[in-house]
Asker: 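Before anything else, here's the structure in question.
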Amino acid sequence: MSAQPSSTLPTSAEIAAGLRPWIECESPTHAPAGVAAMAGLVQAEARAAGLRTELKPLGDTTGPLLVVTNRAPDDTRPGILILAHMDTVHPIGTLRETPYRIEGDKLYGPGCYDMKAGIYMALLAMRRLATPGSTRLPIDMVLVPDEETGSHASRSFIEAYARNARYGLVCEPARANGGKCVTARKGTGMLRLSVKGHAAHAGVSHEKGRSAIREMAHQILALEGITDYARGVTVSVGTIEGGTATNTVPALCRCVVDFRVPDMPAAEDTLQRMRGLQPVGQDVSLDIDVELNRPPMVKTEATTQLLGKARLFATAAGFTLDDAPMTGGGSDANFTSAMGVPTLDGLGADGDGAHTLHEHILVSTLAARAKFWHLLLKDLE
């Protein structure tokens with residue numbers, strides 16, 4: 001980006017070139033310095049345009065949270081909340097494996113699709129709308145450092161800004177094969193289950209042992225049995241560990257379980273069933289730690305109305321905006337939606353390959369997407 005916004009919107013090629021330093025700033029969730037460097041890049045661009053910014057430290061183990069706003073200091077009206085995350089899933093060094101490059105219409109690089117290009121285009125629009133009163137509603141952009149691991153440190157800030165939001169717009173990437181936005185996401189949860197048995201020599205006193213692994217096998221079958229595809233509920237035992245030696249009846253076994261639910265009744269039912277797990281064998285015990293990390297994002301009538309408005313701006317920008325079917329992945333949109341804020345997600349770049357080494361965005365779509373953001377932020381009311 002240039003130091004000051006020009007009167008015309010940038011071309012796709014200009015946006016692609018401007019993205020390069022952002023993509024080459026590696027910012028995995030567990031590298032606070034990298035995320036802080038990314039926050040510094042965004043903050044510098046915002047300040048150069050006259051936007052107000054604030055960095056909020058979230059502790060030594062995560063990067064800072066960044067707020068960018070065109071809101072006048074005395075303007076307390078409910079406005080537009082833009083949500084974005086600066087962290088990626090790619091570890092430091094990924095840039096050597098998949099460097100920033102353009103091949104045909106595809107721009108590659110770690111985090112380009114999920115979701116640095118989305119942040120970039122939203123900020124391009126805000127830079128041209130930096131003066132308070134230049135938009136029908138005040139705009140607050142909240143960029144978090146830990147979305148890829150659940151937004152645990154950021155959630156309270158997201159919800160605080162959502163309380164004064166009329167709409168939520170999320171910079172997550174558009175769905176592949178059509179660039180659709182997202183209006184519904186499953187809720188996500190995690191169960192940590194520990195089974196405690198009794199150790200014994202596997203050859204000398206096998207009958208005195210109580211195998212934690214055997215018990216866990218029963219529990220895994222029960223957990224996986226909660227999956228109900230017709231209802232949209234999935235349960236997946238992702239990792240398991242247990243035992244100490246092959247000649248010892250194992251006294252301890254642990255597993256971590258992922259579950260996804262389409263609505264709150266399904267969430268409450270799943271939580272109840274998991275909390276109600278009981279030992280099958282004798283003299284064994286279960287330690288159950290389960291939480292719904294992200295509530296479901298349910299498409300409401302208010303969301304449908306917001307989508308209708310956004311479609312008009314997309315048409316004016318030169319493309320068609322449709323919404324995708326409910327997706328199983330969670331985002332920070334889950335939080336705002338659950339608070340009753342009409343929210344559109346997946347408004348970022350068109351491309352494919354999130355979380356992979358072939359992650360890419362489609363260069364030819366960038367100018368239209370940037371124009372869409374400009375129109376949306378300027379005239380949404």
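Note that these values count all heavy atoms, side chains included, but never hydrogens, waters or copies made by symmetry.
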Asker: Looking only at the side chains, is there a donor atom on one of Thr53 and Gln43 sitting less than 3.5 Å from an acceptor on the other?
Answerer: yes
Asker: Suppose we screen for side chain to side chain donor-acceptor pair (under 3.5 Å). Which residues come up paired with Arg101, at least two apart in sequence or across chains?
Answerer: Thr98, Glu103
Asker: According to side chain to side chain donor-acceptor pair (under 3.5 Å), who are the partners of Arg260, at least two apart in sequence or on a separate chain?
Answerer: Asp258
Asker: Residues in ring-ring contact (aromatic ring centres under 6.0 Å, His included) with Phe313, at least two apart?
Answerer: none
Asker: Are Leu95 and Leu19 joined in one hydrophobic group, where the rule is that I, L, V, M, F, W and Y side chains link up if heavy atoms are under 4.5 Å apart?
Answerer: no
Asker: For Ser27 and Met38, work out which heavy atoms get closest and say how close.
Answerer: CB-CB, 4.1 Å
Asker: Would Met297 end up clustered with Leu344 when hydrophobic side chains under 4.5 Å apart are linked, directly or stepwise?
Answerer: no
Asker: Which pairs with one or both residues in residues 23-42 pass salt bridge (Lys or Arg N to Asp or Glu O under 4.0 Å), sequence neighbours excluded?
Answerer: Arg20-Glu24
Asker: Which one of Thr62, Asp87, Asp146 satisfies the side-chain hydrogen bond (donor to acceptor under 3.5 Å, both in side chains) criterion with Thr29?
Answerer: Asp87
Asker: In this structure, would Val256 and Val237 fall into the same cluster of hydrophobic residues linked by side-chain contacts under 4.5 Å?
Answerer: no
Asker: For Asp345 and Asp332, what are the C-alpha separation, side-chain angles and deciding distance, and is it a side-chain contact (heavy atoms from CB on, under 4.5 Å)?
Answerer: CA-CA 9 Å; Asp345 197 354; Asp332 290 334; over 6 Å; no
Asker: Tell me whether the count of non-hydrogen atoms from other residues, nucleotides or ligands lying under 6.0 Å of CZ in Arg96 goes above 12.
Answerer: no
Asker: Side chains of Met216 and Cys255: does their closest heavy-atom pair fall under 4.5 Å?
Answerer: yes
Asker: For residues 111-124, pull every pair meeting salt bridge (Lys or Arg N to Asp or Glu O under 4.0 Å), keeping only residues two or more places apart or in separate chains.
Answerer: none
Asker: Looking only at heavy atoms, which two atoms of Pro250 and Gly243 are closest? And how far apart?
Answerer: CB-CA, 3.6 Å
Asker: Salt bridge (Lys or Arg N to Asp or Glu O under 4.0 Å): which pairs involve residues 317-327, sequence neighbours left out?
Answerer: Lys299-Asp323, Arg311-Asp322, Arg311-Asp323
Asker: Can you find a heavy atom in the side chain of Met274 that is under 4.5 Å from one in the side chain of Ile226?
Answerer: yes
Asker: Quickly, which of Arg294, Met339, Arg155 forms a side chain to side chain contact (heavy atoms under 4.5 Å, CB included) with Asn334? Name it, please.
Answerer: Arg294
Asker: Can you tell me how far CD of Glu301 sits from OG1 of Thr303, rounded to the nearest 0.5 angstrom?
Answerer: 9.0 Å
Asker: Between the main-chain N or O of Leu380 and the side-chain N or O of Lys309, is there a donor-acceptor pair closer than 3.5 Å?
Answerer: no
Asker: Could you name each residue pair satisfying side chain to side chain donor-acceptor pair (under 3.5 Å) that touches residues 235-246, not counting sequence neighbours?
Answerer: none
Asker: When you measure from the side chain of Arg127 to the backbone N and O of Ala48, does any donor-acceptor pair fall under 3.5 Å?
Answerer: no
Asker: Indicate the atoms forming the closest heavy-atom contact of Leu137 with Glu381, along with that distance.
Answerer: CD1-CA, 3.8 Å
Asker: Under the side-chain contact (heavy atoms from CB on, under 4.5 Å) rule, what do Val233 and Asp269 come out as? Steps first, then yes or no, please.
Answerer: CA-CA 10 Å; Val233 175; Asp269 178 64; over 6 Å; no
Asker: Please examine the side chains of Leu124 and Trp373, heavy atoms only from C-beta on, and report whether any two atoms are closer than 4.5 Å.
Answerer: no
Asker: Rounded at 0.5 Å granularity, tell me how far CG in Asp74 sits from OG1 in Thr76.
Answerer: 8.0 Å
Asker: Taking all heavy atoms of Ala16 and all of Ile102, pick out the closest pair and write down the distance.
Answerer: CB-CD1, 4.1 Å
Asker: I'd like to know if the side chain of Thr227 and the backbone of Val235 have a donor-acceptor N/O pair within less than 3.5 Å.
Answerer: yes
Asker: To the closest 0.5 Å, what do you measure between CG (Leu362) and CG (Asp105)?
Answerer: 5.5 Å
Asker: Quick test of your reading: applying ring-ring contact (aromatic ring centres under 6.0 Å, His included), list the pairs with at least one residue in residues 71-117, sequence neighbours left out, ordered by first then second residue.
Answerer: Tyr108-His360
Asker: If you apply the rule side-chain contact (heavy atoms from CB on, under 4.5 Å), what do you find for Thr69 with Glu54, and how did you get there?
Answerer: CA-CA 9 Å; Thr69 184; Glu54 183 181 3; over 6 Å; no
Asker: In sequence, state the C-alpha distance, the side-chain angles, and the governing distance for Phe259 and Val290, and then conclude on side-chain contact (heavy atoms from CB on, under 4.5 Å).
Answerer: CA-CA 10 Å; Phe259 63 93; Val290 60; 3.7 Å; yes
Asker: Report yes if the side chains of Ile82 and Leu377 come closer than 4.5 Å at any heavy-atom pair, otherwise no.
Answerer: yes
Asker: Quick one: name the residues clustered hydrophobically with Val170, using the 4.5 Å side-chain heavy-atom rule over I, L, V, M, F, W, Y, and just say none if it's on its own.
Answerer: Leu58, Leu65, Val67, Leu81, Leu83, Val142, Val144, Phe157, Ile158, Tyr161, Phe335
Asker: To the nearest 0.5 Å, what is the distance between CG (Asp350) and OG1 (Thr365)?
Answerer: 4.5 Å
Asker: Can you check whether Asn70 reaches Ser134 side chain to side chain, under 4.5 Å on heavy atoms?
Answerer: yes
Asker: Holding to side chain to side chain contact (heavy atoms under 4.5 Å, CB included), I want the full list of residues that pass it with Ala84, two or more places apart in sequence or in another chain.
Answerer: Met115, Ile119, Met141, Leu143, Cys171
Asker: Locate the shortest heavy-atom distance separating Pro296 from Ala338; write the atom from each residue and the value.
Answerer: O-CB, 4.5 Å
Asker: Hey, is CG on Asn247 packed in by over 12 heavy atoms from elsewhere, all under 6.0 Å?
Answerer: yes
Asker: Would Ile240 end up clustered with Leu252 when hydrophobic side chains under 4.5 Å apart are linked, directly or stepwise?
Answerer: no
Asker: Hey, quick one: are Met126 and Trp22 part of the same hydrophobic cluster, counting side-chain heavy atoms closer than 4.5 Å, chains of contacts allowed?
Answerer: yes
Asker: Which atom pairs, donor and acceptor, lie under 3.5 Å between side-chain atoms of residues 190-197 and protein residues at least two apart or in another chain?
Answerer:
none

Asker: Over all heavy atoms of both residues, which pair between Leu9 and Arg128 is shortest? Give the atoms and the distance, please.
Answerer: CD2-CD, 3.7 Å
Asker: Within a reach of under 6.0 Å around NE2 of His206, are more than 12 heavy atoms found that belong to other residues, nucleotides or ligands?
Answerer: no
Asker: Supply the atom-to-atom distance Gln272 CD to Thr270 OG1, rounded to the nearest 0.5 angstrom.
Answerer: 10.0 Å
Asker: Judged by atom type as modelled, is there a donor-acceptor pair below 3.5 Å linking the side chain of Arg52 to the main-chain atoms of Arg71?
Answerer: yes
Asker: When you compare the side chain of Leu271 with that of Val261, does any pair of heavy atoms fall below 4.5 Å?
Answerer: no
Asker: Sequence neighbours left out, cut at 3.5 Å: what donor-acceptor pairs do the side chains of residues 279-287 make with other protein atoms?
Answerer:
unit_1: Asp283; atom_1: OD2; unit_2: Arg210; atom_2: NE; d: 3.4

Asker: Hey, are the side chains of Glu359 and His355 touching, using non-hydrogen atoms and a 4.5 Å cut-off?
Answerer: no
Asker: CZ of Arg275 to CG of Leu277: how many Å apart, nearest 0.5 Å?
Answerer: 11.5 Å
Asker: Is Ser12 reaching over with its side chain to a backbone N or O of Ala367, donor-acceptor style, under 3.5 angstrom?
Answerer: yes
Asker: Quick one: does Ser151's side chain have a donor or acceptor within less than 3.5 Å of a partner on Ser154's backbone?
Answerer: no
Asker: Quick one: are Glu172 and Leu347 in side-chain contact, heavy atoms under 4.5 Å?
Answerer: no
